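For reference, the structure is listed below as structure tokens.
Atoms considered below: every heavy atom in the structure, side chains included; atoms not considered: hydrogens, waters and symmetry mates. Predicted, not measured: the structure shown is a model, and the values here were computed from it.
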Amino acid sequence: MLSKPALPRVARIAVMLFAAITLPGRLAAQDPFEIEVYGYRTAARGEWELDTHLNYVARGTSAFDGTVAPSEHQGHLAFELTHGLTDHWEVAAYLLSAYRPGPGFGYAGARVRSRVRVPEAWRLPVGLSLAAELEFSPAAYDESAIGLEIRPIVERRLGRLLFDVDPVLERGLRAHGGARTGEWEFEPSARVGFAVSPTVELSLEYYGKLGEIAADRVHQIYPGVDLRLGEGFEINLGVGFGLTSAGSRIVMKTRFEIPLD
């Protein structure tokens, strides 16, 4: 078993704060293909947007977990195409690919998502939206062939600070081979962003996954930065650190947001 690395005290404090926001007591990690805490806003009516997620697991699991391959030295590339159907409703489709030592580059799954949000006219103190996503995965990347994710999203801005909390629920609907499988799992995520300037925002993200026993629980933090380069083009860069022996321990992530209008 991998030993637990020492982390700066400020990082540990930040993780405890995130835990307090999402679930008191037991907390439960992040999807390796789309490492993102959702904000509440949806694409505008008629808008098309392409997000590219490129991630690399520098230090992860080293043995198969059933059919699921070890994550160490995997590279993940995902394309996310989003379209705004109305001012408050968007749909998205994903194509996932991965590189694994040995088999090399190949198909890693597909997804479809629908998301709605509360209009600003309701004048709520927080932004609210809700996403539902169907996931289709090969056996090497998920124990479930078909999965469902329900993602409530809560957002609050205070001056230069932006808080997002996604208390995600996930369930496997069908195992590989056709059997029904899975119970609901709680996979909370949260983000604090600080706007340094109109083009630069520093962030700290938390991702968790609930396990039946302590050894299965995953807690990760991702310090990062968002760069807004104009015309809707954005880049997110971050490095993730696992705080438990389960899951990946060091992950490098990027996201490129490209408007297609």
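The side-chain heavy atoms of F64 and P70, taken from C-beta on, include a pair separated by under 4.5 Å. At a threshold of 4.5 Å between non-hydrogen side-chain atoms, the residues I150 and L130 count as touching. Between V154 and F163 there is no side-chain heavy-atom pair separated by less than 4.5 Å. Counting heavy atoms from C-beta on, the side chains of D31 and E149 never come closer than 4.5 Å. In this structure the side chain of L124 reaches within 4.5 angstrom of the side chain of L128, judged on heavy atoms. Within the 4.5 Å cutoff, side-chain heavy atoms of V225 are placed close to those of V200. E72 places a side-chain heavy atom less than 4.5 Å from the side chain of R59. Inter-residue side-chain proximity for L169 and R171 is flagged as unmet; no heavy-atom pair is nearer than 4.5 Å.
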What pairs of donor and acceptor atoms, side-chain ones from residues 92-105 against any protein atom, are under 3.5 angstrom apart with sequence neighbours left out?
{"from": "Y94", "atom 1": "OH", "to": "E34", "atom 2": "OE1", "distance (Å)": "3.4"}
{"from": "Y94", "atom 1": "OH", "to": "E34", "atom 2": "OE2", "distance (Å)": "3.0"}
{"from": "Y94", "atom 1": "OH", "to": "Y38", "atom 2": "OH", "distance (Å)": "3.0"}
{"from": "Y94", "atom 1": "OH", "to": "E80", "atom 2": "OE2", "distance (Å)": "3.3"}
{"from": "Y94", "atom 1": "OH", "to": "R113", "atom 2": "NH1", "distance (Å)": "2.3"}
{"from": "S97", "atom 1": "OG", "to": "L77", "atom 2": "O", "distance (Å)": "2.9"}
{"from": "R100", "atom 1": "NE", "to": "Y141", "atom 2": "OH", "distance (Å)": "3.2"}

Steps toward salt bridge (Lys or Arg N to Asp or Glu O under 4.0 Å) verdict (E257, R228): CA-CA 9 Å; E257 185 176 310; R228 297 179 176 86; over 6 Å; no

Trace of the side chain to side chain contact (heavy atoms under 4.5 Å, CB included) decision for Y222 with V251: CA-CA 9 Å; Y222 280 78; V251 182; 3.4 Å; yes

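Side-chain heavy atoms closer than 4.5 Å link hydrophobic residues (I, L, V, M, F, W, Y) into clusters, and following such links, even through other members, never connects I235 to M252. Connection of V196 to L161 is established within a shared hydrophobic cluster, with ILVMFWY side chains joined at heavy-atom distances below 4.5 Å, either directly or through further cluster members.
In summary, E133 and R151 do not engage in a salt bridge, as defined by a charged side-chain N under 4.0 Å from a carboxylate O. Salt bridge R191/D166: absent, no basic N to carboxylate O contact under 4.0 Å.
For the side-chain hydrogen bond (donor to acceptor under 3.5 Å, both in side chains) with N236, the qualifying choice from K253, H53, R255 is K253, the only one to do so. Each of H88, E120, E155 was compared with R41 under the side-chain hydrogen bond (donor to acceptor under 3.5 Å, both in side chains) criterion, and only E120 meets it.
In this structure, CH2 on W48 lies 11.5 Å from CD on E90, to the nearest 0.5 angstrom. Note that CG of D164 and CZ of R157 are 9.0 Å apart. Values are rounded to the nearest 0.5 Å.
Residues R117 and T42 have side chains that bring a donor and an acceptor to within less than 3.5 angstrom of each other. In summary, the side chains of H76 and Y56 do not present any donor paired with an acceptor at a separation below 3.5 Å, with no hydrogens or angles considered.
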